[in-house]
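First comes the structure, then the notes that go with it.
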Amino acid sequence: MLGCQSPPDLSPLEGESSPPSAVEVTPDSHAELARLFALNNYDLDNLELGVPKLIVTTLPQDLDRIAQVNERKRIFFLTLLPMVLMANEEIQAERDLIESLLSGFDQGRLPSAHEAEQLAEIQDKYRISGDPFSDCDIREKLLKRVDILPPSLVLAQAANESGWGTSRFARVANNLFGEWTFTPGTGVVPANRPAGEIYEVRSFPTIYDSVKSYMLNLNTHRAYVPLREKRIQARLENRPLKGVDLAHGLQAYSIRGEEYVEEIAAMIRHNQLTRFSYLNLRGL
């Protein structure tokens, strides 16, 4: 049996548990969203009570009509935060399964047929081929990819890329992160797309699908190896994951390169987004 170095401990945060099933809503207006949050005692100043497991399928079309900038930001962050935490919860569950199977194997327990199938599905999702039980390099690669992302980073990029949820692609395609597709007819054609290009801005069934796709993109695409290297280094040094730090692995996300990175980091700092790092989900 080939033993490999134990991975960093990525167990769920203290107090974290599996909340009830999420509730999906499709609000007609930002006022309807605000009422929903108020009814559930959910606001930026009482997040210690827990974040409701709420999926907003499509953003209201009138977010740009919120006159006060701080209120627009409040609504945007409260809307996205539950979905970011739920996406991380899904990744954490995958991570936990991998660590359990690898630890069991190292102690002499073979995975069941069902567990092997689950692992194969995760490997396919994260584009990792090979045997992580017998190959330490495959094991390391898998553990580098299947990991959570700081909510501060996700929220800052969502706000930046979607204009606080008001962009054309956020409104008509549920796309908050500007992700492309090269399959004609599966997205929205940008107005200024150069002649001869075939890319489209990808369409998603829900906002939650956009969040999960973006996170999978950062966890798998070769362009974001620097981000994943910074993340695993933080894990090995037992440091908390910080969006400001991981933002410096995003030079390839925009043609603006380092200027874009600094803009995302500044958004995290200015909006105090690190306050969203250690929160728990709850039911409605």
Side-chain angles (χ1 to χ4, degrees), residues 10-60 62-93 148-160 162-166 170 176 206-208 210-212 214-215 240-247 264-284:
L10 294 184
S11 55
L13 298 175
E14 183 177 353
E16 199 169 56
S17 60
S18 298
S21 298
V23 174
E24 291 191 6
V25 296
T26 307
D28 292 329
S29 66
H30 65 80
E32 186 177 331
L33 258 182
R35 285 194 296 271
L36 176 64
F37 297 153
L39 284 172
N40 287 278
N41 196 24
Y42 171 48
D43 209 341
L44 295 180
D45 59 2
N46 65 359
L47 294 175
E48 72 280 357
L49 300 178
V51 177
K53 203 167 185 182
L54 181 67
I55 292 176
V56 176
T57 58
T58 301
L59 294 176
D62 64 350
L63 291 180
D64 59 343
R65 298 177 194 168
I66 303 176
Q68 295 183 342
V69 173
N70 286 341
E71 177 63 7
R72 184 183 304 172
K73 290 182 177 183
R74 184 184 79 91
I75 294 294
F76 184 81
F77 289 142
L78 289 176
T79 300
L80 267 291
L81 182 58
M83 292 180 276
V84 174
L85 297 182
M86 284 187 286
N88 266 340
E89 187 180 63
E90 289 189 32
I91 296 170
Q92 183 66 58
I148 62 174
L149 291 163
S152 59
L153 181 68
V154 183
L155 292 170
Q157 281 205 273
N160 184 282
S162 73
W164 300 94
T166 66
L176 296 185
T206 70
I207 293 295
Y208 189 36
S210 176
V211 172
K212 291 193 293 183
Y214 150 85
M215 294 174 82
L241 296 183
K242 294 183 179 180
V244 169
D245 294 338
L246 297 195
I264 295 300
M267 289 183 72
I268 293 172
R269 289 190 290 264
H270 179 74
N271 293 284
Q272 300 178 323
L273 298 185
T274 53
R275 58 185 155 157
F276 300 134
S277 296
Y278 304 100
L279 299 173
N280 296 318
L281 286 160
R282 62 173 168 87
L284 286 177

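Every value quoted in this text rests on a predicted model; they were computed, and no experiment measured them.
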Working note: V154 + N88, criterion side-chain contact (heavy atoms from CB on, under 4.5 Å); need CA distance, chi angles, decisive distance, verdict. CA-CA 11 Å; V154 183; N88 266 340; 5.8 Å; no
Using the rule given for side-chain contact (heavy atoms from CB on, under 4.5 Å), can you reason through L81 versus Y42, listing the C-alpha separation, both sets of side-chain angles and the distance that settles it, and then say yes or no? CA-CA 11 Å; L81 182 58; Y42 171 48; 3.7 Å; yes
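In terms of modelled atom types and a separation under 3.5 Å, the side chain of R275 and the main chain of Q272 share a donor-acceptor contact.
For the atom pair L246 CG and L153 CG, the distance stands at 6.0 Å (nearest 0.5 Å). Atom-to-atom distance recorded for I264:CD1 and L155:CG is 11.0 Å, nearest 0.5 angstrom. Q157 contributes atom CD, which lies 8.5 Å from atom CD1 of I268 (distance to the nearest 0.5 angstrom).
The side chain to side chain donor-acceptor pair (under 3.5 Å) check on N46 picks up N41, with sequence neighbours excluded. Applying the side chain to side chain contact (heavy atoms under 4.5 Å, CB included) criterion to D64, with sequence neighbours excluded, gives T166. Residues satisfying the salt bridge (Lys or Arg N to Asp or Glu O under 4.0 Å) test with D43, not counting sequence neighbours, are R74. For N271, the side chain to side chain donor-acceptor pair (under 3.5 Å) test picks out K73, with sequence neighbours left out. The side chain to side chain donor-acceptor pair (under 3.5 Å) test applied to N40 returns no partner, not counting sequence neighbours. When the salt bridge (Lys or Arg N to Asp or Glu O under 4.0 Å) test is applied to K212, the partners found at least two apart in sequence or on another chain are E90. For A266, the side chain to side chain contact (heavy atoms under 4.5 Å, CB included) partners are R269, not counting sequence neighbours. In terms of the side chain to side chain donor-acceptor pair (under 3.5 Å) criterion, residue partners of T206 (sequence neighbours excluded) are, by chain and number, D209. Remark: Y208 pairs with no residue by the ring pair (Phe, Tyr, Trp, His ring centres under 6.0 Å) rule, at least two apart or across chains. For S210, the side chain to side chain contact (heavy atoms under 4.5 Å, CB included) partners two or more places apart in sequence, or in a different chain, are N175, L176, F177, F204.
Within a 6.0 Å radius of CD in Q68, other residues, nucleotides and ligands contribute 12 heavy atoms or fewer.
Residue pairs meeting the salt bridge (Lys or Arg N to Asp or Glu O under 4.0 Å) criterion with at least one member in residues 22-34, sequence neighbours excluded, do not occur.
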